[in-house]
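Below: the structure, in C-alpha cells.
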Amino acid sequence: MPSDTVCKIIRQYNSAPIPAEDMQKLQEIAEDYASVKNYVYQRYGGIRSLHKIYPGYTVQNEMTQSGLREKLDMPSVYFYLAVFDALKEIKICWSAVKTRVLKQVNIHEGLTEEEKHFLRYLLKVNNAFETVLMGIPLKLPKEIQKQYNALSACVDVKKMESYLRRQVRRHSRKLHADKAEGFSIGERAYRYDNRGVYISVKQKRKRVFIPLTDGKRYTRQLYIRLYPDRRDVELRVPVNVRVKKHQDYDRSVGISIGMTSLLVTDEGHQYGGEFGDYQSRFSEWLREQTRIYQKNRGANSGREKYQAKKHRMEEQLHSYINQELNRFLREERPQIVYMPKLPGGGVKGPVKKFNYMASTWQRGYIKSRLVQKCREQSVTLVEVFAKDISNECSRCGAAGNKKDGWFTCPFCGYMVQQRTNTAKNAKKRGETGTNPYSLHQIIEIQTLDE
C-alpha cells in the first residue's frame, strides 16, 4: 500500500562567503568523515562481513573498539554517522548485486526452470546467500531447510553455487569515497539561531556560524555539502511531505526524453522546447573551458571563477528542467507515465561536438527529478524496455525509417514526428506489459550505479 508521505530534500544556502578559517574546520570534518567511510568499506564491504552488516550493531561495536575515532580525534556525533552512512551504502550495493545477478539468471537460456528457481531462492534467503558465497555448510531454520532440500534435490547444487559465486564476483564492486565533499550531522551537533546555523567542529566547545538565506529551522539529521572553491555550503534537509492526490489525474501518458526538447508525449505535446539551447550552451562552454585549461595548464593557479560559473549554469539548467516537469504533470494530469529506459553513457559517434554534449546530458538528474515529482503527485512512473523503440512503427509494429526528426513506416505509410512515435511505443509497451520496470522500486539502485 503506497505511503501518504514522501521524503523531499529541502536545501538551504549560506548568505555570505564562509571565512577561510571556518571552511578549513569544516573540511577537516569532511576529510575525517570520508576516512571513516573508507575504513568501513574496506573492512566490511566484502563477502566475509555480510553476516555483520544486518542490522549493523556488530560493526558499531567493532568500530568503537578499533581506536579509529581516537586516532582521528573525531567527535562521536560525526564518527557514528559516518559508520552508518557507509553501512547503508554497502547494503544498497549488495542489493544492486542481487538485482543484477537475478536479471542474469532470468535471461540465461542455458538454465532450466528448476535451476532458476533454486538460484532465486538462494538470492532471496539472506543466510543461504551468505553461506554459499563463503563456501561454508548451509544451516537454515527447520521450515526453510525443508524448502531448500526440496529445491536442491532437482539440481546440481555444486554447479549452481559455483555459478552464483561467479556472477557475484562479476557484478560486485568496491566502494570508495574519493572526495571529502561533505558530512552528515545530527541534532546534537548544530543549532539554528540569528538567522543562521551553528555547527560543531573538532575543537571542543567551538562552533562555526553559517549565515543562511532563509530563517527556517529544522530538527533532524542534515547533510552539509561543502564547496571550498566558492567558500559556500549547502544544507540538505530531508523532510516528509504529504503526497498530493488528484481525482482528475486519470490519464495514461507515454513520454520520450531527449537532448533537444526535454520531453515529448504520445500526443505530440512538447515540454522544455528550450532545453536543447540550455544544454548546448552549457556543453559548449565546458568544452571551450577544458580546451583553454589544457592549453594553459601551467599558468592556471586555480579554477575558482570556473567553478562558480559552472555552478550558476547548472542551476539555471536544473531550474528549467524542474519548471518544465512541473508543467508537464500539471497540464497532462497523468495517472501513470510510461518512459523508455534511458541509454547509459559511453556511446560515441563520429561528431566530437555531439559526443561532448551527450556526455554532459543531464539524463540522471532528469530521471531522478521526474521520479520524485511523480511520487509527490501520486503518479505511477514505469520504465519500459527501450530496445529498437524509436525504430518501430507505433501503428503496425514494423521497422521504419527516420529522417530529419520524422518517422515513416514503409509498410503502412504512417508518418509522425520521431519523438512522438517513441512516446507512443513507450505507452504501448507499458500497457501491454512488454518488459516494464517500476521506477519506484529500482530508482535507488540505478542512482547508485550512476
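Fair warning: this is a prediction, and the values are worked out from it, not measured in the lab.
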Between Tyr198 and Phe209, how do the two ring planes meet: parallel, tilted or perpendicular, split at 30° and 60°?
tilted
Face-on cation placement of Arg225 at Tyr227 ring, 6.0 Å and 45° thresholds
yes
Using the six-membered ring of Tyr278, assess whether NZ or CZ of Arg281 lies under 6.0 Å from its centre and within 45 degrees of the ring axis.
yes
Okay, side chain of [X], backbone of [Y]: is any donor-acceptor separation there less than 3.5 Å?
{"X": "Ser283", "Y": "Ser280", "value": "no"}
{"X": "Arg11", "Y": "Val237", "value": "no"}
{"X": "Arg429", "Y": "Phe385", "value": "yes"}
{"X": "Tyr249", "Y": "Leu329", "value": "yes"}
{"X": "Gln279", "Y": "Thr360", "value": "yes"}
{"X": "Glu332", "Y": "Arg330", "value": "no"}
{"X": "Arg100", "Y": "His171", "value": "yes"}
{"X": "Lys52", "Y": "Tyr44", "value": "no"}
{"X": "Ser49", "Y": "Gly45", "value": "no"}
{"X": "Asn14", "Y": "Asp232", "value": "no"}

Pick one: which of Arg251, Arg419, Lys424 meets salt bridge (Lys or Arg N to Asp or Glu O under 4.0 Å) with Glu267?
Arg251
Is there a side-chain contact between Asn421 and Asn425 in this structure, where contact means two heavy atoms from C-beta onward sitting under 4.5 Å apart?
yes
Would you mind reporting whether Met339 and Leu370 have side-chain heavy atoms less than 4.5 Å apart?
yes
Atom [atom1] of [X] and atom [atom2] of [Y]: how far apart are they, to the nearest 0.5 Å?
{"X": "Gln377", "Y": "Gln372", "atom1": "CD", "atom2": "CD", "value": "10.5 Å"}
{"X": "Thr420", "Y": "Phe407", "atom1": "OG1", "atom2": "CZ", "value": "12.0 Å"}
{"X": "Leu72", "Y": "Asp32", "atom1": "CG", "atom2": "CG", "value": "4.5 Å"}

May I ask you to check whether over 12 heavy atoms, not counting those of [X], lie within 6.0 Å of atom [atom1]?
{"X": "Arg242", "atom1": "CZ", "result": "no"}
{"X": "Arg188", "atom1": "CZ", "result": "no"}
{"X": "Lys8", "atom1": "NZ", "result": "no"}
{"X": "Glu187", "atom1": "CD", "result": "yes"}

Ionic contact status for [Y] with [X], cut-off 4.0 Å:
{"X": "Glu284", "Y": "Arg287", "value": "no"}
{"X": "Glu376", "Y": "Lys244", "value": "no"}
{"X": "Glu315", "Y": "Arg312", "value": "no"}

Take Glu331 and His269 through the test side chain to side chain contact (heavy atoms under 4.5 Å, CB included) and record every step on the way to the result.
CA-CA 10 Å; Glu331 295 183 5; His269 302 161; over 6 Å; no
Please step through side chain to side chain donor-acceptor pair (under 3.5 Å) for the pair Thr64 and Tyr80, ending with a clear verdict.
CA-CA 9 Å; Thr64 301; Tyr80 290 108; 2.7 Å; yes
Show your working on side chain to side chain contact (heavy atoms under 4.5 Å, CB included) between Ile47 and Trp94 and close with a plain yes or no.
CA-CA 10 Å; Ile47 292 170; Trp94 276 115; 3.8 Å; yes
With distance as the sole criterion, is a donor-acceptor pair present between the side chains of Gln12 and Tyr192 under 3.5 Å?
yes
Test side chain to side chain donor-acceptor pair (under 3.5 Å) on Tyr271 and Asn326; report intermediate values, then the result.
CA-CA 10 Å; Tyr271 296 89; Asn326 288 336; over 6 Å; no
Test of ring centre spacing under 6.0 Å for Trp361 and Phe275
no
